[in-house]
S.K.: 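Below you will find the structure I want to go over with you.
Throughout, a chain's letter reflects where its sequence line sits, starting with A, and its residues are numbered from 1.
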Amino acid sequence: MARAHINSVEVRRPDLRRPFPRRFAQRLTGQRVLALTRRAKYLLASLSSGETLLMHLGMSGSFRTERDIQAGRLAKGAIEHSPHDHVVFHMSTGRRVVFNDPRRFGLMDLVRTQTLDQHPAIKALGPEPLSPEFTAAALARACRGKNTSLKAALLDQCVVAGLGNIYASEALHVAGLLPRRRASTLATASGAPREAAFRLTAAIKEILESAIARQLNVEYRDAPFLVYDRQNEPCPRRNCVGTIRRRVQGGRSTFYCPVCQR
DNA sequence: CTGTGTTCCTGTTCGC
DNA sequence: TGCGAACAGGAACACA
């Protein structure tokens with residue numbers, strides 16, 4: 001849990017995907033970070049001011065921390081820095097937290113912690129996939145009557161929060177479901193979950209848990225995916241003779257096995 | 001309202 | 001080697 005103070009903040013450009021909120025640096029300066037949490041793909045730092053710093057990495061964003069070497073006697077502007085280091089938090093611990101984002105699809109906003117749930121980016125989010133609330137029944141309900149594909153439904157953050165393009169393909173493969181299958185086929189006419197909904201819910205939980213475990217283990221961090229980025233390779237499922245295909249769906253690459261996914 | 005396509009931006013990789 | 005095209009892990013927005 002974080003307890004450091006933000007001594008100062010450098011904001012090196014006026015915007016990322018959207019403008020920084022007004023008086024951004026001033027509102028952060030001197031604040032203590034009470035907690036660092038997450039909702040879907042949003043990082044949340046709750047501050048002693050009663051505001052929460054809401055951050056999103058977009059596609060190319062990242063944070064790093066390093067020892068905060070003070071400018072000292074160097075002239076202002078004499079320090080070289082990466083053109084994509086857009087925000088630097090100077091912390092009371094003597095370290096700095098640097099936000100780097102070449103494509104600038106990231107996002108930072110400040111919202112009152114009390115009304116965080118009303119924030120437009122947060123309020124429409126569906127259940128966390130690893131929470132007990134994310135069940136086959138919940139998934140079926142969210143997909144009931146949806147004319148769109150399963151792949152699109154999984155990327156819809158209202159249906160389930162936090163799945164991205166890679167793990168949508170991975171989960172559909174584990175569940176044995178075709179990405180283009182209609183989302184509505186997860187539910188019966190009355191909205192009850194069909195077997196496919198149970199399989200997909202379990203597959204999502206399984207794929208995310210193993211992904212997290214992998215990220216926690218340096219040795220396996222770069223292990224290959226099951227189907228993502230593996231077009232023309234043999235299907236990894238035991239006894240399946242299929243070949244992984246790639247197709248563009250809703251403008252995003254989708255990978256699947258046409259033999260074992262139905 | 002629902003579903004699909006476009007757009008934001010820059011870096012890397014691929015094919016000629 | 002150089003060059004342009006295609007593509008990249010996200011989500012807001014415009015539009016049919």
S.K.: Specify the separation, in whole Å, of atom CG of L125(A) and atom C1' of dA11(C).
M.R.: 11 Å
S.K.: Phosphate oxygens OP1/OP2 of dG11(B): is one of them under 4.0 Å from a side-chain N or O of S60(A)?
M.R.: no
S.K.: Is there a Watson-Crick or G-U wobble partner for dG9(C) with both distances under 3.5 Å, and which nucleotide is it?
M.R.: none
S.K.: Rounding to an integer number of Å, can you tell me how far L57(A) CG sits from dA11(C) C1'?
M.R.: 14 Å
S.K.: Quick test of your reading of the model: are E66(A) and R96(A) salt-bridged, counting only N-O distances below 4.0 Å?
M.R.: yes
S.K.: Would one find a side-chain N or O of H84(A) under 4.0 angstrom from OP1 or OP2 of dC9(B)?
M.R.: no
S.K.: Using 30° and 60° as the class boundaries, would you call the ring planes of F99(A) and H86(A) parallel, tilted or perpendicular?
M.R.: tilted
S.K.: Rounded to whole angstroms, how far apart are CG on D109(A) and P on dA12(C)?
M.R.: 12 Å
S.K.: Closer than 4.0 angstrom, basic N to acidic O: yes or no for K146(A) and D156(A)?
M.R.: yes
S.K.: Report the nucleotide, chosen from dG10(C), dA8(C), dC13(C), that has the shortest atom-to-atom distance to any side-chain atom of Y228(A).
M.R.: dA8(C)
S.K.: Any idea how Y228(A) and F255(A) line up, ring-wise: parallel (<30°), tilted (30 to 60°), or perpendicular (>60°)?
M.R.: perpendicular
S.K.: Return yes if the base of dA8(C) and the side-chain atoms of R103(A) contain a donor-acceptor N/O pair under 3.5 Å, otherwise no.
M.R.: yes
S.K.: Under a 4.0 Å N-O cut-off, is there an ion pair linking R38(A) with E128(A)?
M.R.: yes
S.K.: Under 4.0 angstrom, heavy atoms only, what part of the nucleic acid is Y42(A) near: base, sugar-phosphate, or nothing?
M.R.: sugar-phosphate
S.K.: For R18(A) and dG10(C), give me the distance from atom CZ to atom P, rounded to whole Å.
M.R.: 17 Å
S.K.: Starting at atom CD of Q249(A), determine the distance to atom C1' of dT4(B), rounded to an integer number of angstrom.
M.R.: 12 Å
S.K.: Would you say R246(A) places a side-chain N or O within less than 4.0 Å of OP1 or OP2 belonging to dA8(C)?
M.R.: yes
S.K.: With a cut-off of less than 4.0 Å, is there a side-chain N or O of Y167(A) near OP1 or OP2 of dG9(C)?
M.R.: no
S.K.: Tell me whether the rings of H56(A) and Y42(A) are parallel (<30°), tilted (30 to 60°) or perpendicular (>60°).
M.R.: perpendicular
S.K.: Expressed as a whole number of Å, how far does the P atom of dG3(B) sit from that of dG9(C)?
M.R.: 23 Å
S.K.: T148(A) or R17(A): which one's nearest nucleotide on DNA chain B is closer to the 5' end?
M.R.: T148(A)
S.K.: So, is S253(A) near the phosphate of dA8(C), with a side-chain N or O under 4.0 Å from OP1 or OP2?
M.R.: yes
S.K.: Please report, rounded to the nearest Å, how far the P atom of dA12(C) is from the CD1 atom of I122(A).
M.R.: 10 Å
S.K.: Please determine if a side-chain N or O atom of R104(A) lies less than 4.0 Å away from the OP1 or OP2 oxygen of dT10(B).
M.R.: yes
S.K.: Once you apply a heavy-atom cut-off of 4.0 Å, does R252(A) come out as touching a base, just sugar-phosphate, or nothing?
M.R.: base
S.K.: On the nucleotide dA11(C), are OP1 or OP2 found under 4.0 Å from the side-chain N or O atoms that Q157(A) carries?
M.R.: yes
S.K.: Could you tell me the separation between the NZ atom of K151(A) and the C1' atom of dG10(C), rounded to a whole number of Å?
M.R.: 12 Å
S.K.: Starting from the C-alpha separation in whole Å, work towards a yes-or-no answer on salt bridge (charged side-chain N to carboxylate O under 4.0 Å, His left out) for D15(A) and R13(A).
M.R.: CA-CA 6 Å; D15(A) 55 43; R13(A) 52 170 301 117; 2.8 Å; yes
S.K.: With a 4.0 Å cutoff (strictly under), does any side-chain N or O of H56(A) reach OP1 or OP2 of dA11(C)?
M.R.: yes
S.K.: Does a side-chain N or O of K146(A) approach OP1 or OP2 of dT2(B) to a distance below 4.0 Å, or not?
M.R.: no
S.K.: How is G251(A) classified with respect to the nucleic acid when contacts are heavy atoms under 4.0 Å: base, sugar-phosphate, or nothing?
M.R.: nothing
S.K.: Given the P atoms of dA14(C) and dC9(B), what is the spacing between them in whole Å?
M.R.: 16 Å
S.K.: Which base sits across from dC3(C) as a Watson-Crick or G-U pair, both distances under 3.5 Å?
M.R.: dG15(B)
S.K.: Provide, to the nearest angstrom, the distance between the CG atom belonging to D15(A) and the P atom belonging to dC9(B).
M.R.: 8 Å
S.K.: Does the aromatic ring of F105(A) sit over the six-membered base ring of dG10(C), closer than 5.5 Å centre to centre and tilted less than 30°?
M.R.: yes
